[in-house]
Structure formats: C-alpha cells, structure tokens
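Right, one structure below, let's go through it.
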Amino acid sequence: MIRTRFAPSPTGYLHIGGARTALFSWAYARKHGGQFVLRIEDTDRERSTKQSTEAILEGMEWLGLDYDEGPYYQMERLDRYREAAEQLLRENRAYYCYASKEELDAMREQQRAAGLKPRYDGRWRDSKQTPPAGVKPVIRFKNPQEGYVTFNDLVKGKITMANHELDDLVLLRSDGIPTYNFGVILDDLDMNISHVIRGDDHINNTPRQINILKALGAPLPQYAHVPMILGADGERLSKRHGAVSITQYREDGYLPEGLVNYLARLGWSHGDEEIFDRDQLIAWFDLTSINHAPAKFDPQKLRWLNQQYLKKTDSKRLAELAIPFFDRDNCDTSQGPDLLKIVNLLKERVDTIEELADAAVYFFRPLEPSSSLKAQHFSLELKPVLNSLKDKFTVIDWNHQAINSEIKKTAGEHEMKLPKLAMPLRVMVTGEAQTPSIAAVLELLGREETLKRMDHRLSFFPD
RNA sequence: GUCCCCAUCGUCUAGCCUGGCCUAGGACACCAGCCUUUCACGCUGGUAACACGGGUUCAAAUCCCGUUGGGGACGCCA
C-alpha cells in the first residue's frame, strides 16, 4: 500500500511551494490507489499558530487536495518521541548534552571564522564530566562517524553523503519536544508512510534521518525530493519574494483547477501536455517526470491557464463565484441585467474572475468617460446622428441583431464608417472604449437604460 | 567557507536513462499579419536555447571529467 503525506508546519499560510509538494504527494497516492495523510508539524511552539493551521486546511480544501487520514498533530504524540529517545539513550545511540546556547554559538562562530562548516563538535558525546547543576540537557543522536549514507532518491537518483560531514543533532529539546528530524521519522514510521515526497531543501536532512532510523532498527521509506520553486528574480520563493498564500489566488479571482494545472506543470510534465484536469493528472503522474532543476514561477502563464479554464467553466458557477467581486465593486447584481448573460459575454475576454467583475461594472451603473475618451470620440457633428439613432432605438425590436443593423443603417445614412458611430455610442453608454460587441451590450443593458444614458449624455454633448 | 543538488529559447518544458530519426519540438510571453465595431478571443507566421572547455565515439543536447553559473543545507526552525 502506497502511503504519502504532506507535513507542513503551521508557522505561516500555505504557499505555492508547499501547495505543489502537497499536490505531488496527493497525486502520487491517488495514482496508485494509495492513501494520502495530512500531518501538522507543530513542534515549533514559538511560531506555530492556530490561524496558520486553519489557513493550511483551507488552502488544501480549496485546491481539492483531500486526505484520507489526519490532520495529525505532533504535539499530541510527545510520549512516543520521549520513549524512542529513551530507547536510543539506553542503547548508547544517543546522549545528554548540556552545552548552553551561548556556548554553541561561540563554537559555530569560531568554526565559521576558520572556514569550516559550522557543526556540533561532540563535546558531550563521550564525556565523563559531571553535568553542570541546574541545566536541563538536550538529547543528541550519536551519529556514526565513519562511512557513507547512500539512498536512491526517486527524483534525483543516487545521493551519497559522508558521515563525517554530519554532526550529532538534537533529538529532543530540553523541554522534551522533539526536533524536526526526530519527529518526522517517527511519524512517518508510525503512520506507515511508504513514500516521503518533499522539497529538496530536505535532501541534506535525509542522511541524518536514515541514520536515526537505522539506529532504531526501523525500515526506511522511499524518498522523492522535489526541486524548489523560485521567484521571477531567481530567488527562492519567500514571503518577501512573491510567495503569497494560496488563498490569495482565490481572492484574486483564480479558479482552483487553473492553479492546480499550473502547479502540476511547474516542474513536472507529461510530454507536451499543457492543459489537463485533475483526473488526467492522476492518470499521468509519475515521479520520474519531475524535473531536477528548480523552476521559476511565471504569473503570466498562470493567467493564461486560468483564462483557458474560465472559458470552459459553466457560467452559472462563474456567476456565483463572481458575486464577491461585484460586491467589492459596489455592484448590486440582484438589480441589473441577467448576471448569467453578462458572464457569458465576458468570460472569454478576461483572465480572472476579478477582471470579469471589473469589466462588467457599467452594466450596473453608468460610468463617466474619461476626458480623453470624450475628446477622442465625441464631436458636435455627431450629435444629430446619435439623436436619430436614439429615436430609432425607441421603436425597433430590442435584440442585438436589430440593434446591430440599426447602427449600421444609421452609419450608412450619414455616410460614416461604422467605427465612427459605434465607438462614440460605446463610450457614451458604457463610459469605456473596450467592451464586447456594442449591440450585445445594449441588448443586455435594456432599452430603457440605454435610452436613459444616451439622453443624459446627449444633454451636454459633446462635453 | 564546507557539503549536497542542478544546468535546453526571457519563462515552463519535450528530447537525455536505452548516443544517430534534432538543420532541437511544444506552451507562455514578445513581434508581424489575418479576423474585426473597440478590446480581447481565435487563426497564420516569426524572433529566440543545448552555459563553457576537454574527452569517449564513425557519430553527443544525449555518456565521462573539469570549469563556470544557479539553488539548497549547515539551529534546542521545519
């Protein structure tokens, strides 16, 4: 049975990188009919917050990453970690270390100054000295000092690390809470995780974890390290480099399926496939097609993909999703034209739902054209033409074909090129220069509102 | 600094494992044209990459080594 997990720490929201790791783990489990587990690694008491946990859960739900078990919380498993640490202590695979924070800082600084890799020097490893009074010790792992650790990473291939590069890491802090490296292996072990899929910033931790697992006499999971996602500037995505919360994309008007598709395609590929849904992802997903190099996040391609999904999404659903955005624009959608029809008209022309709502404001309230638009499209000679068009609008059938032919006819009668009439009409009714076909817009807007706006505008035309 | 990972168009990538089909394919972006009632959409075409240097081989984007460049890790964070 294949079991994967996503194990975020609740010290911030769920961001792009974490979401993609979760997506890959999820897809791998689903592909193989396995199970996907969610575990919250909340052992950093300083920074873990309830809000972060909720934000992560919310992000997972929005993306549709459903889990079969969890969320588990590490803070509920403290006894287990203590037991395991004591076992290692008994078997002389771990030891107490009484070194103070200041002492260790000084040690590292010295090493750095000497051009060495900063690491614990093992001063308490085989120490016979009497422990200082009143100091609560940490428990450190007795890492093997010779030989190599090799594992076969399912993404990167064979990775080898010399044991002498590794130091004796802390297993249990002085307050009895495990550190990441200890907690994670025990949890993955107890939860029968078969495949550990995580960011490749964990590659360096893997040999340490393998050593502990071996000391415990436990079986090893398979590892798959996924490359990082970089910001547009090539820097690792961080809070300062555009790593926004996954839910921010919802607020910006993206569809979860668009984001999922984009994320899946970032660092993973199935030939030349660009647009594929969740089921196709599951069917196609494999670890070997994950790219080995880090990828830069490209917001423009995300926008394009989102537009592809917007186009094929049912207008009814889009209309519902758009309501909060209309609210932001102070548009009462219960009043004006049929929202469904508005969505139909606009959904191929915008990249996000936010843009859709923004592009539809004039359906709900008249917009004042900018002075440059007025100067460009309004002129006194036009006034009689627009007046006669308006008169005809009072009598024709109100559908876009009829409106359209009336506009064309009027332009012909006055020997005008069509745009010369259509543009001023568009600007005077919508206040904007870019809208869908003006006839379609007018039909939706309704005869009454159209005439009202024309009257109003014409009353002080061309100003 | 030390260790680990990585390296194909500006970006995401196919091809690499199992050398020849690659005068390197697709997508985003960009440019031009078409469509057109504006803006989009759509369609057509275009610019654009195997980091560099050595090997191995009849033949290398593909295999090996080095250089350079990028990323990551080096905590009683995860």
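Source: prediction; values computed, not measured. Here is how names work: the chains are called A, B, and so on, in the same order as the sequence lines, proteins then strands, and each is numbered from 1.
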To the nearest Å, give me how far apart [atom1] ([X]) and [atom2] ([N]) are.
X: A:D298; N: B:A29; atom1: CG; atom2: P; answer: 9 Å
X: A:N404; N: B:U38; atom1: CG; atom2: P; answer: 12 Å
X: A:E274; N: B:U13; atom1: CD; atom2: C1'; answer: 7 Å
X: A:L421; N: B:U38; atom1: CG; atom2: P; answer: 13 Å
X: A:D153; N: B:C6; atom1: CG; atom2: C1'; answer: 13 Å
X: A:E46; N: B:C76; atom1: CD; atom2: P; answer: 13 Å
X: A:Y223; N: B:C5; atom1: OH; atom2: P; answer: 16 Å
X: A:I275; N: B:G26; atom1: CD1; atom2: C1'; answer: 12 Å

Checking all strands, does [X] fall into the base, sugar-phosphate, or nothing category for heavy-atom contacts under 4.0 angstrom?
X: A:H202; answer: base
X: A:P436; answer: base
X: A:P419; answer: sugar-phosphate
X: A:S174; answer: base
X: A:K408; answer: nothing
X: A:R39; answer: nothing
X: A:A99; answer: base
X: A:A295; answer: sugar-phosphate
X: A:V170; answer: sugar-phosphate
X: A:I203; answer: sugar-phosphate
X: A:L266; answer: sugar-phosphate
X: A:G183; answer: nothing
X: A:T179; answer: sugar-phosphate

Can you tell me the base-pairing partner of [N]? Count Watson-Crick or G-U wobble geometry only, both distances below 3.5 Å, and say none if there is no partner.
N: B:U68; answer: B:A7
N: B:C35; answer: none
N: B:A48; answer: none
N: B:C58; answer: B:G20
N: B:U2; answer: B:A73

A:Q308 or A:N205: which one's nearest nucleotide on RNA chain B is closer to the 5' end?
A:Q308
Taking for each residue the nucleotide of RNA chain B with the nearest heavy atom, is it A:V155 or A:D175 whose nucleotide lies nearer the 5' end?
A:V155
Out of A:F6, A:Y28, A:Y223, which residue meets the ring pair (Phe, Tyr, Trp, His ring centres under 6.0 Å) rule with A:H195?
A:Y28
The residue among A:F24, A:W284, A:Y262, A:F285 that forms ring pair (Phe, Tyr, Trp, His ring centres under 6.0 Å) with A:W268 is A:F285
Any non-hydrogen side-chain atom of [X] less than 4.5 Å from a side-chain atom of [Y]?
X: A:Q209; Y: A:Y180; answer: yes
X: A:P436; Y: A:L346; answer: yes
X: A:T450; Y: A:R447; answer: no

Span that lies between the [atom1] atom of [M] and that of [N], in whole angstrom:
N: B:C9; M: B:U2; atom1: P; value: 29 Å
N: B:A49; M: B:U11; atom1: P; value: 12 Å
N: B:U23; M: B:A7; atom1: C1'; value: 24 Å
N: B:C76; M: B:G71; atom1: C1'; value: 28 Å
N: B:U18; M: B:U62; atom1: C1'; value: 11 Å
N: B:G1; M: B:C63; atom1: C1'; value: 33 Å
N: B:A40; M: B:C22; atom1: C1'; value: 37 Å
N: B:G25; M: B:A48; atom1: C1'; value: 14 Å

For a quick test of reading the model: is some side-chain N or O of [X] closer than 4.0 Å to OP1 or OP2 of [N]?
X: A:K347; N: B:C41; value: no
X: A:T435; N: B:U38; value: no
X: A:N291; N: B:A14; value: yes
X: A:R208; N: B:C74; value: no
X: A:T43; N: B:A78; value: yes
X: A:K296; N: B:U11; value: yes
X: A:R108; N: B:C76; value: yes

Nearest-neighbour nucleotide for the A:M161 side chain, B:A14, B:C4, B:C76 considered:
B:C4
Counting heavy atoms from C-beta on, name the nucleotide in B:G26, B:U37, B:C41 closest to the side chain of A:R265.
B:G26
So, A:Y81 and A:D187: side-chain donor and acceptor under 3.5 Å apart, yes or no?
yes
Compute whether any side-chain donor of one residue and acceptor of the other, for A:N344 and A:S315, lie under 3.5 angstrom apart.
yes
Given A:D168, which partner from the list A:R125, A:R208, A:R140 fulfils the side chain to side chain donor-acceptor pair (under 3.5 Å) test?
A:R125
Centroid separation under 6.0 Å, is that true for the rings of A:W398 and A:F393?
yes
Is a donor-acceptor pair below 3.5 Å formed from side chain A:D272 to base B:G25, judging by atom type as modelled?
yes
